[in-house]
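For reference, the structure discussed in these notes is given below.
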Amino acid sequence: MKEKKLRGLAKAAAVVLVAAILSLFIICLFNNGESHRDKFIFAKHQGVVPYSEGIRQLDLSSETEQSVSIELADVFSDSAEYEALMQNREFVPKSEIDRYVMQVRSKCKQFYSQKRAKFLTSSGIDDRLVEPAGYSHILEINKEALKAQASLEKVLNKMAKSSLVRYVVIDNCEDFSAEPAAWFGSWQGETLPTINGQDYVGIDYMQGEGVNLGILEALDTKNDSGYIRAQDVKAEFPDLNVVSSNSRNYETCSHGQTVARVIGNMAPKCNMYIDVCNPLNNTHIFNTSNFSWFLENNVSVVNCSWGGGHKPPKNNYCRMDNLVNQLSLDNLITFVFAAGNDGGMVGCPSSAANVICVGATDATGKEIADYSSYGSAVHSGCKPTMVANGTPHLPQQSNSFHATKGTSFSAPMVTAAIAMQMSSEPRFKLYPERLIPLLVATADNGKIKGFTKNQFGLDAKAGGGMLDLKKFLDFPGQCDSFTANSAGTVSFTNKYYVPKQSEIGKTLKICLFWMSTDRFVGGNISEDDSIKNPPSLLSMQMRARVGSNYIGTINSDGLSSNVLVLYVPISSLTPITVEINALSSGRTTKGAVAYCVQ
């Protein structure tokens with residue numbers, strides 16, 4: 001009797017257990033169905049739209065500009081291999097710098113190729129649907145192969161359910177423009193003095209020799225922007241080694257010609273790699289092969305005299321921000337973008353936290369040009385990063401009254417300055433995170449009329465100030481890198497600035513920069529939510545002290561800026577100690593601090 005009762009209880013318990021497991025399975029299935037929908041981002045002209053609307057409007061026909069991609073959850077910069085490669089940079093001899101940079105990029109590509117293979121195997125997705133991996137965490141989806149599927153929604157949902165996928169993105173973009181005008185002047189007499197470069201442009205060991213520099217032009221026939229023929233550039237700058245992807249021999253556009261001339265006049269011995277993308281067709285502008293070509297050719301800095309035109313609503317998603325942020329973090333490459341020419345907010349991808357965004361001054365170099373864009377819907381406190389002359393007069397222009405204006409032409413001044421620095425100090429190829437703080441710390445904010453510091457020490461329209469080529473090239477050693485691990489611990493060794501007697505009574509400008517590792521928190525917005533979660537930045541603090549007395553403190557807010565500038569007085573010969581503290585934890589990142597006496 002007792003055994004029969006026990007068997008009955010055991011049977012009942014088993015039934016309850018099976019029911020519980022079944023309920024848990026149903027709950028998990030339901031939750032998974034909901035969570036995978038949150039991974040979808042339908043980025044339209046008007047902003048991010050809910051899943052139900054986006055999936056209903058999905059149209060991959062040739063008449064539309066929609067493109068599809070997936071963003072992997074794991075990135076190379078989080079791997080132990082990447083951390084080891086970054087730590088070993090200081091031991092790389094000068095003769096091995098270029099080889100080491102290519103080694104880092106090769107490991108990066110291998111990492112994403114392995115992640116792609118694992119994603120295909122684990123999800124059962126057809127290999128033909130996913131383009132080969134490059135140097136980015138973004139994998140392009142082959143539109144033609146996807147259109148051939150019986151159910152687009154089923155395939156996309158299958159991708160989103162993978163734990164290896166962070167987002168599935170369907171998006172398009174908007175137009176942009178460049179702006180011409182006129183100004184009287186000369187290159188040597190008027191333009192170069194505005195950036196304090198008249199005594200440095202032309203110095204033999206600072207002409208860009210040994211530096212691979214990229215120009216990525218945007219195709220815009222309305223504004224004569226697009227292709228650049230290698231032979232046209234070589235005709236004006238015979239010492240340049242020019243490689244162009246323009247295999248069809250399209251005529252050089254005036255916009256691209258001016259960009260190339262600015263760089264050619266400042267860094268006439270660099271190796272110039274020229275490619276073109278199409279911002280009116282997402283399939284091309286968001287094709288990571290544009291960037292892969294530069295990386296495979298060991299390009300260290302890329303000029304993008306476009307990028308401010310795509311302006312999604314506040315805090316909304318732009319995939320190009322994520323792309324250039326992670327590319328620069330993974331691959332030791334620097335992107336310089338124009339801020340834009342409509343006088344409004346800086347758009348995507350110039351708004352990306354890790355790029356150098358360049359605004360423009362007028363021809364005098366003393367006032368911000370009325371067309372120069374500033375601010376950002378996301379990182380509003382640090383865009384633009386700095387400014388340069390937006391109305392350069394170039395020696396190749398036969399009419400002394402004619403020039404062009406725009407942030408398209410101030411940006412290549414900064415790009416060329418970086419090439420000049422790298423030809424003199426090649427280790428900047430290994431430590432590109434040092435460029436932004438050194439450019440900002442040496443920038444001349446006193447020259448800009450009405451320069452007003454915000455809470456981060458930057459001006460709303462001028463950023464860190466006007467490019468000062470002399471100071472930027474004179475003080476490459478006044479900059480050092482640091483790492484911040486996932487626990488928020490900062491490893492920073494070069495903490496001291498030792499003043500000279502002649503500097504007493506002056507101001508020390510200290511700039512802190514750290515690289516963003518964030519890729520926009522959250523996925524698709526809910527049906528009743530109009531604002532997407534914004535990306536966050538590691539919160540940092542910088543303090544300066546003389547002895548035990550603190551003479552300055554500045555904090556970031558975790559969103560608006562990953563650049564901080566502190567101005568402290570030099571009142572004695574006592575070394576000024578700089579302290580860097582992470583106020584929050586997150587993913588491992590790197591940054592740098594630079595000093596310059598004003």
Side-chain angles (χ1 to χ4, degrees), residues 179 183 191-197 262 305 307-308 336-347 350-353 355-392 405-418 435-472 507-513 554 556 560-567 594 596-598:
E179 182 179 345
W183 173 258
T191 298
L192 287 182
T194 64
I195 60 170
N196 202 11
V262 172
S305 286
V336 180
F337 277 90
N341 297 326
D342 64 6
M345 284 199 306
V346 172
S350 301
S351 56
V355 310
I356 299 171
C357 172
V358 185
T361 68
D362 63 7
T364 69
K366 297 178 180 179
E367 294 195 32
I368 301 300
D370 56 6
Y371 57 80
S372 184
S373 298
Y374 63 95
S376 164
V378 182
H379 304 306
S380 57
C382 59
K383 298 298 175 182
T385 311
M386 63 189 308
V387 293
N389 192 319
T391 313
K405 74 175 183 180
T407 57
S408 287
F409 313 121
S410 58
M413 284 192 168
V414 175
T415 304
I418 291 170
L435 290 168
I436 286 181
L438 188 59
L439 281 164
V440 171
T442 57
D444 189 346
N445 47 278
K447 179 180 286 187
I448 303 297
K449 184 178 179 180
F451 187 96
T452 304
K453 305 179 190 74
N454 62 15
Q455 69 186 90
F456 311 113
L458 303 165
D459 181 77
K461 295 184 178 182
M466 182 68 164
L467 171 65
D468 189 315
L469 192 61
K470 180 182 184 301
K471 286 184 178 179
F472 176 61
T507 299
L508 181 65
K509 185 179 180 182
I510 312 170
C511 179
L512 164 66
F513 164 75
I554 191 167
S556 70
S560 301
S561 182
N562 59 333
V563 179
L564 295 177
V565 182
L566 188 61
Y567 300 82
C596 187
V597 176
Q598 298 295 297

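Residue numbers start at 1 and run along the sequence shown.
In terms of modelled atom types and a separation under 3.5 Å, the side chain of D370 and the main chain of G343 share no donor-acceptor contact. Checking side-chain atoms of K383 against main-chain N and O of A352 turns up a donor-acceptor pair under 3.5 Å. For the pair Q598 (side chain) and A441 (backbone), a donor-acceptor distance under 3.5 Å is present. The backbone N or O of G464 sits less than 3.5 Å from a side-chain atom of K509, completing a donor-acceptor pair. Side-chain atoms of S373 never come within 3.5 Å of backbone atoms of V346 as a donor-acceptor pair (strictly under, hydrogens ignored). Not a single donor-acceptor pair under 3.5 Å links the side chain of Y374 to the backbone N or O of A462.
Rounding to the nearest 0.5 Å places CE of M386 at 11.0 Å from CG of N445. Atoms CD1 and CG, from I510 and L564 in turn, are 11.5 Å apart once rounded to the nearest 0.5 Å. Rounding to the nearest 0.5 Å gives a distance of 5.5 Å between CD1 of I418 and CZ of F472. Between the NZ atom of K366 and the NZ atom of K449 there is a distance of 10.5 Å, given to the nearest 0.5 Å. Taking CG from D468 and OG1 from T194, the interatomic distance works out to 10.5 Å, rounded to the nearest 0.5 Å.
Considering all non-hydrogen atoms of both residues, G197 and L469 come closest at CA-CD2, 3.8 Å. Closest of all the heavy-atom pairs between S350 and F337 is OG-CB, 3.5 Å. F513 and P437 make their closest contact through CB-CD, 3.7 Å (heavy atoms, listed as atom of the first residue, atom of the second, distance). Shortest non-hydrogen contact noted between G390 and Y371 is O-OH, 3.6 Å. Closest approach of A388 and S410 over heavy atoms only: O-CB, 3.4 Å. Smallest separation of non-hydrogen atoms from N454 and G381: ND2-O, 3.2 Å.
Within 6.0 Å of NZ in K461 there are 12 or fewer heavy atoms belonging to other residues, nucleotides or ligands.
Partner V387 forms a side-chain contact (heavy atoms from CB on, under 4.5 Å) with one of I448, L467, V358 and no other, that one being I448. Under the side-chain contact (heavy atoms from CB on, under 4.5 Å) test applied with P384, the options S376, S351, C357, S372 reduce to a single match, C357.
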### Task
Mind running side chain to side chain contact (heavy atoms under 4.5 Å, CB included) on N196 and D444 for me, showing each step along the way?
CA-CA 9 Å; N196 202 11; D444 189 346; over 6 Å; no
### Audit row: M466, N389, side chain to side chain contact (heavy atoms under 4.5 Å, CB included) steps and yes/no
CA-CA 8 Å; M466 182 68 164; N389 192 319; 4.3 Å; yes
### Task
Could you check T415 against V262 for side chain to side chain contact (heavy atoms under 4.5 Å, CB included), going step by step and ending with a plain yes or no?
CA-CA 9 Å; T415 304; V262 172; over 6 Å; no
### Task
Determine, step by step, whether F456 and L512 satisfy the side chain to side chain contact (heavy atoms under 4.5 Å, CB included) criterion, reporting the C-alpha distance in whole Å, the side-chain angles of both residues, the deciding distance to 0.1 Å, and the verdict.
CA-CA 10 Å; F456 311 113; L512 164 66; over 6 Å; no
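Residues T385 and I436 are in side-chain contact: their nearest non-hydrogen atoms beyond the backbone lie under 4.5 Å apart. Contact annotation: the side chain of N562 approaches that of C382 to within less than 4.5 Å [non-hydrogen atoms, C-beta and beyond].
In this model, no donor atom of one side chain and acceptor atom of the other lie less than 3.5 Å apart for D362 and T391.
In this structure, K453 satisfies the cation-pi test against Y567, with its NZ or CZ atom closer than 6.0 Å to the six-membered ring centre and inside 45 degrees of the ring normal.
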